[in-house]
Protein chains: 2
Amino acid sequence: MSTRNAIELAVSTVIFALRPEGEEAVLSIPLVRRTRDPFAGRWALPGGAAEPAESLAETAARKLFETTALRPAYLEQLYAFGDPDRSPTGRVVSVVYWALVRTELADEGVEDDNVRWFAADDLPDLAFDHNLIVRYALWRLRTKMEYSRIAHALLGETFTLAELRRVHEIVLEKPLDPANFRRHIEASGVLVDTGETVPGGRHRPPRLYRYDTTLQLADNGPLTPPKEPQ
Amino acid sequence: MSTRNAIELAVSTVIFALRPEGEEAVLSIPLVRRTRDPFAGRWALPGGAAEPAESLAETAARKLFETTALRPAYLEQLYAFGDPDRSPTGRVVSVVYWALVRTELADEGVEDDNVRWFAADDLPDLAFDHNLIVRYALWRLRTKMEYSRIAHALLGETFTLAELRRVHEIVLEKPLDPANFRRHIEASGVLVDTGETVPGGRHRPPRLYRYDTTLQLADNGPLTPPKEPQ
DNA sequence: CCAAAAGTGTTGACGGTACACCCATGC
DNA sequence: GCATGGGTGTACCGTCAACACTTTTGG
């Protein structure tokens, strides 16, 4: 029980945001450049050693903040990766989280030579098994968006149905019928009409909605969603 | 990176099997009695420290074998539990797996004063946060059985549709229409008719089926199911 | 008035549930 | 034959995708 532990425990996070790219928004992920071996110079997921005083989710959120200056709107554990040969320098088990951050804030984050946003479906060769990890995180995001109501975590406080629909379309990579999307969302009862509308377009002004914050974003069964430090 | 790690890494497994209880089969879990503090004398999930030379899944399967003398028919990672206060003696992060083992073999396992099978829905107060872990594993098992084809992992090589249906009924705790269950399973295409039937009943003899072993039991996206040591 | 997107109505295909009914065996 | 569970047929109902249609704005 109390023998010396030869296994390193790390926490990493796959962070998703929508970032403007020309006219459209693109699903993006921030990566950090490794400054040390192994994989010096390669891009990798933000993360680091687990901290004895913090919960795993707190460590994930803190690392997220340290690299992007952002707080996650949604944070969920993805998987514990622990193959013996995933790091060439010794045994490392990584508990990986995935997070959604708000579009409107994603620009304010730090970005320099060692931190950069990449399009989620066009990543370079990453360090360790991080390409696999991102692929799995993308799969989870897409799967969860089909049956859960987490899309608003990529938007701001208030939004129109068209904006919310665009989020679904970008993430799922397929067009959605506006009429059916509206009914689908309305039936789920997660939206609150703010009463306001957005004028300015050459068309009927859309209503502004807000999420019902008393509801859980996703059903994780008996596991309460991890508390995020404020 | 290579500083001394103050966090212990453990691997535990929630093992499910159907065990006869009077006339009926009951969803059961083997537990081990702790011989040391903390929680000496209390029942706990089988597990132990992670082993540098093994993958996490291998460690889970080995611990499973050491306590029950069984090999898992299905093994999947459940969650990494890492709250700072989940162990009173220091920080322990447990990567928990859940497993299904075959009914026909579940009797052969070791059972003594320190290893015992309990009904999954009637457990005592367990050590650490193991009651929560089992609750979550049960939720995952039930959720997964509704959309996946893992039930056969609780049965033997061959089985009748009625036996497979009973597995679903016991796990999901609700009766299922035999006619619709048949169509549902047949449509999924996972069953192979062995051509044999089972005589002896005072009724039309049911056919024996076998699972199509070329198919994956469950869709875990880009993550290939963990290899089990044979 | 026209263009464009918001928002509503309607229809038809599909999948699941409920349940009536026939089949094959032991006694 | 009759009881019993195996196995088939079918009708109903709710959900969802497709798409026609109306509404409200800016120009």
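Per chain, numbering begins at 1; letters A, B, ... match sequence-line order. Values below: every heavy atom of this structure, side chains too, minus hydrogens, waters and symmetry copies.
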Participant: Once you round it to whole Å, what is the distance between C1' of dG6(D) and CZ of Phe159(B)?
Facilitator: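 Answer to the nearest Å: 16 Å.
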Participant: Across the strands shown, which category fits Ala162(A) at heavy-atom distances under 4.0 angstrom: base, sugar-phosphate, nothing?
Facilitator: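 Answer is sugar-phosphate: Ala162(A) comes under 4.0 Å of backbone atoms only.
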Participant: Arg202(A) has a side chain; which of dA17(D), dG16(C), dG27(D) sits nearest to it?
Facilitator: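 So the side chain of Arg202(A) is nearest to dG27(D).
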Participant: Given atom CD of Glu196(B) and atom C1' of dG6(D), what is their separation to the nearest angstrom?
Facilitator: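 Taking atom C1' of dG6(D) as the reference, CD of Glu196(B) is at 17 Å.
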Participant: Want to settle it: does Gly201(A) or Asp177(A) sit nearer the 5' end of DNA chain D, counting the closest nucleotide to each?
Facilitator: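 Upstream on the strand: Asp177(A).
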Participant: Quick test of your reading of the model: are Glu196(B) and Arg207(B) salt-bridged, counting only N-O distances below 4.0 Å?
Facilitator: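 Salt bridge flag = no for Arg207(B) with Glu196(B).
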Participant: How many Å lie between CG on Leu208(A) and P on dA6(C), as a whole number?
Facilitator: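 Rounded to whole Å, this separation is 12 Å.
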Participant: May I have the distance from Arg207(A) (atom CZ) to dT25(D) (atom P), rounded to whole angstrom?
Facilitator: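 In whole Å, dT25(D) P lies 12 Å from Arg207(A) CZ.
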Participant: Here's a test of your reading of the structure: between His184(A) and Arg165(B), which maps to the more 5' nucleotide of DNA chain D?
Facilitator: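 Mapping each residue to its closest nucleotide by heavy atoms, the 5'-most match is Arg165(B).
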Participant: Regarding dG9(C), can its base be found pairing with the side chain of Arg183(A) as donor and acceptor, where the two atoms are less than 3.5 Å apart?
Facilitator: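 Indeed, a donor on one side and an acceptor on the other fall under 3.5 Å apart.
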Participant: Please determine if a side-chain N or O atom of Arg182(B) lies less than 4.0 Å away from the OP1 or OP2 oxygen of dG7(D).
Facilitator: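 For dG7(D), OP1/OP2 do have a side-chain N/O of Arg182(B) under 4.0 Å.
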Participant: Report yes or no: is the cationic atom of Arg86(B) (NZ for Lys, CZ for Arg) closer than 6.0 Å to the six-membered ring centre of Phe81(B), at no more than 45° off its axis?
Facilitator: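 The answer is no; the distance or angle limit is not met.
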Participant: Could you state the CZ-P distance from Phe181(B) to dG15(C), rounded to the nearest angstrom?
Facilitator: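 Distance check: Phe181(B) CZ to dG15(C) P gives 19 Å.
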Participant: Could you tell me whether the side chain of Ser148(A) and the main chain of Met145(A) form a donor-acceptor pair under 3.5 Å?
Facilitator: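 No.
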Participant: Quick one: is Arg204(B) getting a side-chain N or O under 4.0 Å of the dG26(C) phosphate, OP1 or OP2?
Facilitator: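 The answer is no; no side-chain N or O of Arg204(B) sits under 4.0 Å from OP1 or OP2.
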Participant: Side chain of His203(A), heavy atoms from C-beta onward: which of dT25(D), dG6(D), dT10(C) has the nearest atom to it?
Facilitator: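 Closest nucleotide to the His203(A) side chain: dT25(D).
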Participant: Using whole Å, what does the distance between atom P of nucleotide dC12(D) and atom CG of Asn180(B) come to?
Facilitator: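 Taking CG of Asn180(B) and P of dC12(D), I get 16 Å after rounding.
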Participant: Check whether any side-chain heavy atom of Tyr209(A) sits under 4.5 Å from a side-chain heavy atom of Thr160(A), and report yes or no.
Facilitator: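 Contact flag for Tyr209(A)/Thr160(A) side chains = no.
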Participant: With the threshold set at 4.0 Å, does a side-chain nitrogen-carboxylate oxygen contact exist between Arg165(A) and Glu169(A)?
Facilitator: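 Yes, charged N to carboxylate O under 4.0 Å.
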Participant: Output the rounded distance in Å from CD (Glu186(B)) to P (dG9(D)).
Facilitator: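 To the nearest whole Å, that distance equals 11 Å.
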